[in-house]
Amino acid sequence: MTDENKCTCTCESSEDKLSARLGELLAKYRRRPGALMPVLQQAQGIYGYLPEHVLRRISDELREPISKVLGVVTFYSFFSQKPRGKNLIRVCMGTACYVLNAQGVLDAIKDQLSIDVGETTKDKLFTLETGRCFGACGLAPVVTINEDVFQRVDPASIGDILDEYRGANVADQQEAGA
């Protein structure tokens with residue numbers, strides 16, 4: 001979370017800032033053909049996900065039917081209508097990964113985090129998702145966390161991998177408090 005997204009006094013003023021940023025984005029793209037995808041991507045960057053009121057505003061201001069906006073959002077797995085954790089974990093369940101025990105890796109992650117696919121940990125640190133093919137079949141099974149790619153992952157290594165991100169979160173909190 002960047003400093004400008006941090007809530008310093010009331011959540012309402014934070015929401016006002018987010019809404020203002022969305023307004024600037026929409027003003028920039030309002031009359032551009034093909035604006036829907038970049039607006040959705042950047043709006044998700046602003047909010048961290050795409051809540052219903054944001055989708056309706058995008059629909060209204062870009063003069064696109066809400067059905068089209070929702071169709072794009074639900075078609076592409078990149079988009080989320082629910083808040084995600086700080087770290088997005090995706091486990092490839094494509095054929096090569098699956099054959100090489102991606103299900104065991106997924107089960108280990110679910111056990112470690114006490115969440116299921118599509119859920120976020122209570123501390124908002126991790127969200128767990130699956131994907132069909134990440135295009136790295138020779139490195140199977142593959143897990144991504146944010147932009148980091150982990151190859152030839154086995155269930156026994158999951159604890160160490162997650163600890164890297166837990167440790168980074170502790171360091172971020174200490175830095176923010178300093």
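A continuous path of hydrophobic side-chain contacts links Val69 to Val39 [ILVMFWY only; heavy atoms under 4.5 Å]. At a threshold of 4.5 Å between side-chain heavy atoms, the hydrophobic network of Ile, Leu, Val, Met, Phe, Trp and Tyr places Tyr76 and Tyr49 in two separate groups. Hydrophobic clustering, with ILVMFWY side chains joined whenever heavy atoms are under 4.5 angstrom apart, groups Leu70 together with Val72. Both Phe134 and Leu139 belong to a common hydrophobic cluster when Ile, Leu, Val, Met, Phe, Trp and Tyr are linked at side-chain heavy-atom distances under 4.5 angstrom. Linking Ile, Leu, Val, Met, Phe, Trp and Tyr whenever their side-chain heavy atoms come within less than 4.5 Å puts Val91 and Ile115 in one cluster.
Contact of the Leu88 side chain with the Leu128 side chain is not registered, since no non-hydrogen atoms from C-beta on lie closer than 4.5 Å. The side-chain heavy atoms of Arg132 and Tyr98, taken from C-beta on, include no pair separated by under 4.5 Å. Side-chain contact check for Lys124 versus Lys86: every heavy-atom pair is 4.5 Å or farther apart. Counting heavy atoms from C-beta on, the side chains of Ile161 and Ile109 never come closer than 4.5 Å. Residues Arg30 and Arg63 fail the side-chain proximity criterion, which asks for heavy atoms closer than 4.5 Å. The side-chain heavy atoms of Ile89 and Leu113, taken from C-beta on, include a pair separated by under 4.5 Å. The closest side-chain heavy-atom distance from Ile158 to Asp111 is not below 4.5 Å. At least one side-chain heavy atom of Gln81 sits less than 4.5 Å from a side-chain heavy atom of Val73.
In terms of the side-chain hydrogen bond (donor to acceptor under 3.5 Å, both in side chains) criterion, residue partners of Asp107 (sequence neighbours excluded) are, by chain and number, Gln103.
A 6.0 Å sphere centred on CZ of Phe78 holds more than 12 heavy atoms belonging to other residues, nucleotides or ligands.
Within the 3.5 Å criterion, the main-chain N or O of Phe126 finds no donor-acceptor partner in the side chain of Asn87. Between the side chain of Thr120 and the backbone N or O of Thr127, no donor-acceptor pair lies under 3.5 Å. Between the side chain of Asn146 and the main chain of Asp148, no donor-acceptor pair closer than 3.5 Å is present. Judged by distance alone, with hydrogens and angles left aside, the side-chain atoms of Lys82 form no donor-acceptor pair with the main-chain N or O of Pro51 at under 3.5 Å. Counting only distance, with no hydrogens or angles, the side chain of Ser19 and the backbone of Glu15 share no donor-acceptor pair below 3.5 Å. Remark: the backbone N or O of Ser80 is paired with a side-chain donor or acceptor of Gln44 at under 3.5 angstrom.
Between Lys28 and Glu24 there is no salt bridge, since no side-chain N of the basic residue sits under 4.0 Å from a carboxylate O of the acidic one. A salt bridge does not link Lys110 with Glu119: every distance from a Lys NZ or Arg NE/NH1/NH2 to an Asp or Glu carboxylate oxygen is 4.0 Å or more. With respect to the salt-bridge test (charged N to carboxylate O, under 4.0 angstrom), the residues Asp163 and Arg166 qualify.
Summarising the geometry of Ser157 relative to Val153, their closest heavy-atom pair is OG-CG1, 3.6 Å, with the distance given to 0.1 Å. Annotation for Val105 and Pro155: closest pair N-CG, 3.9 Å, computed over non-hydrogen atoms. Here the closest non-hydrogen pair linking Glu164 and Phe150 is OE2-CE2, 4.4 Å. Nearest heavy-atom pair across Arg152 and Gly138 is NH2-O, 3.0 Å. In terms of heavy atoms, Cys133 sits closest to Cys137 at SG-SG, 4.0 Å.
To the nearest 0.5 Å, atoms CG (Leu36) and CD (Glu64) are separated by 5.5 Å. Between the CG atom of Leu50 and the CD atom of Gln41 there is a distance of 10.0 Å, given to the nearest 0.5 Å. In this structure, CG in Leu106 is found 11.5 Å from CD in Glu129, a value given to the nearest 0.5 Å. Distance check, rounded to the nearest 0.5 Å: CZ of Arg21 to CD1 of Ile46 gives 5.0 Å.
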Please evaluate residues Leu55 and Leu40 with respect to the criterion side chain to side chain contact (heavy atoms under 4.5 Å, CB included), reporting the C-alpha separation (whole Å), side-chain torsions for both, the decisive distance (0.1 Å), and the verdict. CA-CA 8 Å; Leu55 296 176; Leu40 287 170; 3.8 Å; yes
In sequence, state the C-alpha distance, the side-chain angles, and the governing distance for Leu22 and Tyr47, and then conclude on side chain to side chain contact (heavy atoms under 4.5 Å, CB included). CA-CA 9 Å; Leu22 179 61; Tyr47 284 85; 4.2 Å; yes
Residues Val142, Arg90; criterion side chain to side chain contact (heavy atoms under 4.5 Å, CB included); working and verdict: CA-CA 9 Å; Val142 174; Arg90 297 187 76 223; over 6 Å; no
Let me see the working for Ile66 and Ile58 under side chain to side chain contact (heavy atoms under 4.5 Å, CB included), right down to the final yes or no. CA-CA 9 Å; Ile66 190 68; Ile58 290 169; over 6 Å; no
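Side chain to side chain, Tyr29 and Gln42 meet the donor-acceptor criterion of an N or O pair below 3.5 Å.
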